[in-house]
Amino acid sequence: MSLFNVCTWWSAQCSDLDENYDVASLLCARFGLEDQEKDYIVVGTHAGHLSIYYPSYEVDATGNTYGYRATDLLLEQQGNSPILGVYAGRFTAHSSKENTNQLAVLHPYMVVIYNVQFIGGVAEHGAQLSLQQLHAYRFNRTAFALCKGRFGKVKGREFFCVVHLDGALTFYEQDGITYECKFPGHRALPTPIVYCERTDSFFRLASAWNLECFTYQDLSHSSINKSHYQSIWSICLGEEPTARLITVIFSESSKLFIYENANIIWAAHIKHEPPVAIQRSNLNGLTGALVTLGPCGQLRIGYLGTDPYVFQVPPLNVQELSFTEAQKKLQELEQEIKKATDIQNMEIINQKAYEDMNLSFTINAEVKAEADLLLLEDIPVNVALKELPVGSGQLRWHAKEALSEMQIVFNMPEGIRCSQDTVTYVNIKGDTSETMELEFFIAELLHFHTSKVEVVVSFISMKGVPRVIQKADFLPLNMFFKLKQPQKAASIKLTYIINSKVEESSKLCDYFSEFISWENESQSLGLVLLTTVGENFEEIVTIVAGKNSNRLRLQSDVLETFPLVLERLVSKTLEAQNQTLGPRKATLKGQINPNADYITAAAFIPVQPILHRIDIHHETQENIRKQTLELDELWQRFKKLQRRLQEKVEDESKEILVLQIEENYDHLIAEGDRLMEMRKDELKQRCDLTCALTVAKFIISTLKIEEKLVNIISSVLTTPSEDWTELNWEESMSAGIDMLHHYGPLSSTKTNNQHSMIDSNTNAEKSFDYKRFRRNFAILFERIIRLASSDQQLAEVQIIEATVPKSSKAEIVDQGSEDIANMHEILNVQPMTLTTAPVKRLKPYQRSCTLEAVEDDDEEEATEDEEDLRTMGYKKHYGCKEINKENDATPWVNEDFKLPESDELFNDLGIWW
């Protein structure tokens with residue numbers, strides 16, 4: 001007598017008492033008929049009997065258990081054909097629930113798909129099941145076995161394959177498409193096959209006891225082009241496998257053996273005859289049960305146990321529960337949790353996280369000429385041929401305390417890769433450190449909106465408390481640019497004033513040390529972008545610094561060249577001012593943007609180039625949508641032609657159908673390639689749009705407007721821009737732009753009166769209107785420019801009036817004349833003639849003045865000046881309208897219509913028109 005036995009938990013006798021059962025006659029599955037259901041047991045016999053059981057295990061008040069009950073049998077019916085096997089799966093695409101399965105019954109010459117329906121009981125006999133036939137697939141060859149699975153890794157449905165006695169395979173898809181194939185070799189004995197979803201392959205036991213593996217792609221292609229194929233690998237069952245394999249074997253001597261690879265790990269005795277089928281199931285009251293089916297229909301459910309039971313569970317010392325003591329203990333635990341995690345002071349929590357994990361991340365200013373060959377394996381050829389520079393950096397972390405888990409993630413802009421992927425550590429000991437050498441390289445020829453690289457470290461302590469810390473640094477600009485001759489003219493010009501608190505004026509070497517050394521006193525810098533696709537067109541950005549002022553001008557013909565330069569300019573300026581003046585104070589209500597105290601942008605936003613990028617992006621999205629719809633139509637037509645070919649009537653020619661299928665297939669492949677090209681263009685257009693939005697955000701962040709308004713606009717103009725399957729960037733941005741258009745300081749009085757309350761139901765019903773979105777976007781920028789211009793003019797007037805003493809009019813004239821004389825001496829222009837008449841309000845210079853030309857307040861006039869310059873030459877002398885009253889325009893020089901020299905062009909901010 002064995003100590004270990006397979007104990008019987010539930011048993012029943014099937015209706016067929018003859019030996020009409022085999023390994024495929026037993027099935028344990030769920031059909032999704034109710035919530036929290038367990039497995040149903042389905043039994044089919046060679047005589048055509050089909051039974052479905054739902055075992056239950058109940059204990060009465062005296063401790064006695066009920067075994068099989070009549071209500072456990074939910075379905076029993078007799079068919080005309082033998083049942084070779086029963087299977088469950090998602091064999092139809094019309095199922096409303098995701099977890100609903102259908103029942104497939106295999107007969108010698110057909111497969112029938114049933115839908116299992118639940119019929120609630122209204123009397124003591126309980127609930128019942130019924131079968132509704134959905135499909136019946138007939139075939140000419142005699143069936144042997146069936147295999148089901150998600151062939152081709154399809155989602156939401158399953159296909160099945162029938163193995164015939166001659167070794168042939170017949171695949172059935174839910175669209176009615178069927179095809180046949182045979183395994184290679186002279187003879188293919190009929191053996192069951194198994195599908196592996198992870199590798200999309202089939203396993204088959206050959207006649208030489210070799211386990212062979214075939215891919216689904218080879219099997220499906222062989223039926224279409226009649227090609228020959230072989231197994232991708234084969235292994236003899238006598239060899240010991242390298243992977244962990246656990247098997248359960250029943251012997252003729254009523255023994256159960258559990259093997260791990262070739263080693264036996266458990267053995268038990270069976271008190272009844274050996275079964276012909278065994279499965280593992282989860283039932284009501286017993287999880288992991290062993291379900292066995294005997295040769296004559298003895299259905300048993302058991303578990304591994306011992307006999308006799310030498311161990312008895314001791315009685316529990318159950319005490320009466322005191323609510324007062326439990327409440328007191330609960331309060332103590334809550335207080336302990338609050339002391340451990342004080343969520344009210346997040347600064348202390350974050351500081352503690354940085355103390356537990358010391359993180360240092362730096363990027364070197366020097367770049368390497370070439371990258372490692374291993375890093376360039378996955379890079380496109382057009383990128384590798386450019387031999388772009390490679391940046392390097394170092395990451396060092398030191399964990400002071402023991403950690404349960406830690407993960408390091410590198411966040412970089414689209415098109416830039418790191419030599420190190422995401423790193424995960426487990427069970428880190430205390431006082432552990434590591435240094436990682438990193439390389440950053442350009443993987444795609446795109447326009448980059450930032451050079452910032454973030455390192456995010458998330459870790460979990462041994463107490464289970466999660467924390468996240470991050471560090472950031474910027475890639476050097478010489479990864480993206482190289483020196484070039486500065487441009488003399490450009491269509492887009494941005495002007496900045498550096499409000500430095502030190503006496504020395506800002507130099508270009510303070511911001512662009514990669515290209516200009518400290519000894520170089522050059523006032524101009526030209527940079528050409530390295531990531532351009534074409535070789536004939538160069539994207540150049542020019543930076544000009546004033547000799548005697550803190551003004552900087554950026555100009556280029558391409559909007560995408562500005563973001564990286566603006567990012568360096570703004571970040572370096574704010575970093576230098578923070579080191580000099582200390583950290584910024586808390587924000588007050590109604591406070592003007594504090595960034596404008598250090599660096600101020602001229603009230604100008606390149607609206608038309610930004611709108612042009614939005615138009616191109618929107619057009620690309622519309623083309624992708626149309627192309628996707630066209631591909632769907634072609635695919636439906638392709639499937640329809642295939643069905644017509646299989647259901648071909650006598651009047652229709654087979655050659656014509658085959659020709660139409662081939663033509664449709666070629667068209668489908670061509671349109672698919674076109675969609676792939678559109679997807680590549682979509683990435684480029686999205687990066688260009690992100691660059692345009694970044695330029696606008698940098699300009700707005702340095703305007704003299706209210707800080708709260710700057711934060712709201714920056715939160716609406718999110719970067720980088722993203723497109724989703726059901727919602728593109730324009731549609732996701734529409735709500736925020738409408739909000740700024742109708743409410744707040746950027747909305748007009750008329751708009752506020754008319755749209756004081758927006759009907760959300762009405763807006764929800766309307767479809768997206770791109771013209772309205774584009775118009776609101778343009779109006780938003782115009783209002784920002786108008787608001788910033790009025791604030792700057794008002795600030796200049798208030799500053800001048802505050803410095804003027806009220807003693808006499810003569811003092812006003814002398815002090816104003818001295819300031820203006822100094823300004824005109826810096827700008828090399830003739831001074832204005834002032835009178836001693838009472839001054840009501842000081843006005844800024846007229847737009848024909850040199851200073852106003854530098855600020856570029858009006859884009860249209862700047863464009864007209866540029867066109868006049870290119871066609872006629874340039875002016876040598878400058879002045880205000882009040883000086884040249886008789887002759888408003890000074891005479892043109894340079895009769896040969898040549899552009900000025902570099903010395904003349906870049907003399908004090910390039911004021912030369």
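Here, residue 1 is the first one in the sequence, and each next residue gets the next number.
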Quiz prompt | Under 3.5 Å: donor-acceptor pair, side chain of Q13, backbone of C296 | solution = yes
Exercise. Measure the acute angle between the ring planes of Y68 and W10, then classify it against the limits of 30° and 60° as parallel, tilted or perpendicular.
Key: perpendicular
Quiz item: Of L33, I119, L103, L73, which meets side chain to side chain contact (heavy atoms under 4.5 Å, CB included) against L129?
Solution: L33
Quiz prompt | Check: F151 ring centroid to F202 ring centroid under 6.0 Å | solution = yes
Quiz item: Backbone N or O of K255 within a donor-acceptor pair of the H269 side chain at under 3.5 Å?
Solution: no
Quiz item: Quick one: are L74 and Y40 in side-chain contact, heavy atoms under 4.5 Å?
Solution: yes
Quiz item: Considering only heavy atoms from C-beta outward, does the side chain of I301 approach that of Y53 to under 4.5 Å?
Solution: no
Quiz item: Measuring from T191:OG1 to I193:CD1, what's the distance to the nearest 0.5 Å?
Solution: 8.0 Å
Self-check item: Chi angles and distances behind the side-chain hydrogen bond (donor to acceptor under 3.5 Å, both in side chains) call for Y195, D200
Solution: CA-CA 7 Å; Y195 174 71; D200 195 24; 2.7 Å; yes
Quiz item: If you count the non-hydrogen atoms of other residues, nucleotides and ligands that lie under 6.0 Å from CD in E34, is the total more than 12?
Solution: yes
Quiz item: Rounded to the nearest 0.5 Å, how far apart are OG of S253 and CG of L256?
Solution: 10.5 Å
Quiz prompt | Distance-minimising heavy-atom pair for C196 and T199 | solution = SG-OG1, 3.4 Å
Exercise. Using salt bridge (charged side-chain N to carboxylate O under 4.0 Å, His left out) as the criterion, list what pairs up with E212, not counting sequence neighbours.
Key: R204
Quiz item: Counting only N and O atoms by type, is there a donor-acceptor contact under 3.5 Å from the side chain of S254 to the main-chain atoms of E273?
Solution: no
Quiz prompt | Neighbour count >12 (heavy atoms, 6.0 Å) for atom CD, E252 | solution = no
Quiz item: Can you tell me how far the CG atom of L75 sits from the CD1 atom of I52, to the nearest 0.5 Å?
Solution: 4.5 Å
Quiz item: Would you find a donor on one side and an acceptor on the other, under 3.5 Å apart, between the side chain of D666 and the backbone of E663?
Solution: no
Quiz item: Is D16 close to H46 at the side-chain level, that is, under 4.5 Å between some pair of heavy atoms?
Solution: no
Practice problem: Could you tell me the separation between the CG atom of D632 and the CD atom of E671, rounded to the nearest 0.5 Å? | Solution: 12.0 Å
Exercise. Flag yes if more than 12 heavy atoms outside Q230 fall under 6.0 Å of its CD atom; otherwise flag no.
Key: no
Quiz prompt | Presence of salt bridge, E677 and R674, under 4.0 angstrom | solution = no
Exercise. Provide the closest heavy-atom pair for A443 versus P380 in the form atom of the first, atom of the second, distance.
Key: O-CD, 3.3 Å
Quiz item: What pair of heavy atoms forms the shortest contact from L106 to A145, and how long is it?
Solution: CD2-C, 3.6 Å
Exercise. Please report the shortest heavy-atom distance between Y216 and E173, naming the atom on each side.
Key: OH-OE2, 3.6 Å
Practice problem: Carefully, step by step, assess L683 and R679 under the rule side chain to side chain contact (heavy atoms under 4.5 Å, CB included). | Solution: CA-CA 6 Å; L683 176 60; R679 290 293 184 187; over 6 Å; no
Self-check item: N80-H107 side chain donor-acceptor pair, cut-off 3.5 Å
Solution: no
Self-check item: R417 and E444 ion-paired at < 4.0 Å
Solution: no
Quiz item: Just wondering, more than 12 heavy atoms not from Q117 lying within 6.0 Å of its CD?
Solution: yes
Quiz item: Looking only at atom types and distance, does a side-chain atom of K182 sit under 3.5 Å from a main-chain N or O of G167, one as donor and one as acceptor?
Solution: no
Self-check item: Test item: D18 side-chain N/O and N20 main-chain N/O as donor-acceptor pair under 3.5 Å
Solution: no
Quiz prompt | Heavy-atom closest pair, residues T422 and V409 | solution = CG2-CG2, 3.9 Å
Quiz item: Can you check side chain to side chain contact (heavy atoms under 4.5 Å, CB included) on E682 and Q621, steps first, answer last?
Solution: CA-CA 7 Å; E682 179 192 18; Q621 292 296 318; 2.8 Å; yes
Quiz item: Heavy atoms, side chains only, cut-off 4.5 Å: are V23 and L293 in contact?
Solution: no
Quiz prompt | Backbone N/O of A47 and side chain of Q78: donor-acceptor pair under 3.5 Å | solution = yes
Practice problem: Would you mind reporting whether Q279 and D39 have side-chain heavy atoms less than 4.5 Å apart? | Solution: no
Quiz item: Is the closest side-chain heavy-atom distance between V43 and L26 below 4.5 Å?
Solution: yes
Practice problem: Could you tell me whether F160 and F91 have their ring centroids closer than 6.0 angstrom? | Solution: yes
Quiz item: Would one find more than 12 heavy atoms of other residues, nucleotides or ligands at under 6.0 Å from atom CZ of R280?
Solution: no
Quiz prompt | Nearest non-hydrogen partners of L17 and C14, listed with the distance | solution = CD2-O, 3.7 Å
Practice problem: Check T142, T170, N140 against H164 for a side chain to side chain donor-acceptor pair (under 3.5 Å) and give me the one that passes. | Solution: T170
Quiz item: What's the spacing between F257 CZ and T247 OG1 if we round to 0.5 Å?
Solution: 11.5 Å
Self-check item: NE2-OG1 distance between H272 and T8, expressed to the nearest 0.5 angstrom
Solution: 5.0 Å
Quiz item: How about L629: does its CG atom have over 12 heavy atoms from other parts shown lying under 6.0 Å from it?
Solution: yes
Quiz prompt | Salt bridge R30-E37, side-chain N to carboxylate O under 4.0 Å | solution = no
Self-check item: Close side-chain approach of Y21 and P295, heavy atoms under 4.5 Å
Solution: no
Quiz item: Is the shortest heavy-atom distance from the side chain of L169 to the side chain of V163 under 4.5 Å?
Solution: yes
Practice problem: Output all residues satisfying side chain to side chain donor-acceptor pair (under 3.5 Å) with S234, sequence neighbours left out; order by chain, then residue number. | Solution: none
